[in-house]
Amino acid sequence: MPNHPRICVFCGSADGADPVYAQTAKELGQRIAAAGMGLVYGGATVGLMGVLADAVIAGGAEVIGVMPDVLMDREIAHRGVTHFHVVKTMHERKALMYDRADAFIALPGGYGTLDEFIEIVTWAQLKLHQKPCILINTNGYYDGLLAFLDHAMSQGFLKPEKPQADSGSRRLSIRARHRTKPMEGTRNQTTAR
């Protein structure tokens, strides 16, 4: 492991309809670099992934990209990262990203973002890791997902964790929902543990 923490960020390969999504990705990248941390991400140069990686690179921090070879033909690989890994499958991608990261963050994205983040949260629920998992709910982007998780808990498919002594927030499944100081343009952030 490096002598600095690495944050794995799952996010879209598109910019999204609202410029606030790209602004949030840029600000997160700047904060990662300013904190002396490294970034692990999906390796693309497009969308929120590209904005995020460019901000970390501009801040002089380490960036590790991980991309399955099936996506290499689309010419979206970011060539300016510190380390770039080409893997055979999406499963290998997720395993390598997990292995290189000390914490996980999800910004807005589509199916891939949801797949990656939910799998990491599931691994935490199964006690396969204790790394922090953070969902950044920019402009309420994940409100529908959070409502679904609330519903799943009310229907008995997700179980609430015991509250932690230092947490005055409501516990839902394996995440703590609370308000933090939002980044510019975000409505709230949700933390999963």
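These values consider heavy atoms only, across backbone and side chains, with no hydrogens, waters or symmetry-generated copies.
- Classification of the Tyr21-Tyr141 ring pair by plane angle, with boundaries at 30° and 60°, yields perpendicular.
- By the ring-ring contact (aromatic ring centres under 6.0 Å, His included) test, Tyr41 is found to be paired with no residue, residues two or more places apart in sequence or in another chain being considered.
- Between Ala33 and Gly59, the shortest heavy-atom contact is CB-CA, 3.7 Å.
- When each of Val9, Leu39, Leu135 is tested with Ile105 by the rule side chain to side chain contact (heavy atoms under 4.5 Å, CB included), just one qualifies, namely Val9.
- Under the 4.5 Å side-chain heavy-atom criterion for grouping Ile, Leu, Val, Met, Phe, Trp and Tyr, Met90 is not connected to Tyr98 through any hydrophobic cluster.
- Trp123 and Phe104 fall within a single hydrophobic cluster, where Ile, Leu, Val, Met, Phe, Trp and Tyr are joined by side-chain heavy atoms under 4.5 Å apart, directly or via other members.
- With sequence neighbours left out, the side chain to side chain contact (heavy atoms under 4.5 Å, CB included) criterion links Val70 to Pro68.
- Side-chain contact check for Phe10 versus Met97: some heavy-atom pair is nearer than 4.5 Å.
- Placement of Ile118 and Leu158 in two distinct hydrophobic clusters is found when ILVMFWY residues are connected by side-chain heavy-atom separations under 4.5 Å, directly or transitively.
- Considering only residues two or more places apart in sequence or on other chains, His83 meets the ring-ring contact (aromatic ring centres under 6.0 Å, His included) condition with none of them.
- When side chains are defined from C-beta on, Ile64 counts as touching Arg6, because their heavy atoms get closer than 4.5 Å.
- In terms of heavy atoms, Phe84 sits closest to Ala77 at CZ-CB, 3.6 Å.
- In this structure, the separation between CD1 on Ile76 and OG on Ser13 is 6.0 Å, given to the nearest 0.5 Å.
- Residue Lys26 holds its NZ atom at 13.5 Å from CG of Leu48, rounded to the nearest 0.5 Å.
- Side-chain contact between Thr113 and Leu107: absent, with no pair of heavy atoms (C-beta onward) separated by less than 4.5 Å.
- His4 NE2 to Glu62 CD: the interatomic distance, rounded to the nearest 0.5 Å, is 4.0 Å.
- Among residue pairs with one or both ends in residues 105-116, those qualifying as salt bridge (charged side-chain N to carboxylate O under 4.0 Å, His left out) are Arg93-Glu116, Lys94-Asp115; sequence neighbours excluded.
- Remark: Gln155 CD to His151 NE2 distance equals 4.5 Å, nearest 0.5 Å.
- With respect to Ile120, the side chain to side chain contact (heavy atoms under 4.5 Å, CB included) criterion is satisfied by exactly one of His129, Gln125, Lys131: His129.
- Judged by distance alone, with hydrogens and angles left aside, the side-chain atoms of Lys88 form no donor-acceptor pair with the main-chain N or O of Asp69 at under 3.5 Å.
- Not counting sequence neighbours, the partners of Ala103 by the side chain to side chain contact (heavy atoms under 4.5 Å, CB included) test are Ile7, Pro132.
- Here the straight-line distance linking atom CD of Gln30 with atom CG of Leu52 works out to 10.5 Å at 0.5 Å rounding.
- Evaluation of the side chain to side chain donor-acceptor pair (under 3.5 Å) test over residues 49-61, restricted to residues two or more places apart or in two chains, returns Asp54-His78.
- With hydrophobic clusters built from ILVMFWY side chains whose heavy atoms lie under 4.5 angstrom apart, Phe117 shares a cluster with Leu145.
- For the pair Thr89/Glu92, a side-chain contact is recorded, criterion being any heavy-atom separation below 4.5 Å from C-beta on.
- A 4.5 Å side-chain heavy-atom check between Leu96 and Arg100 finds at least one atom pair inside the cut-off.
- Atom CG in Leu28 sits 8.5 Å away from atom OG1 in Thr24 (nearest 0.5 Å).
- Using a 4.5 Å cut-off between side-chain heavy atoms of Ile, Leu, Val, Met, Phe, Trp and Tyr, with links allowed through other members, Val51 and Val63 fall into different hydrophobic clusters.
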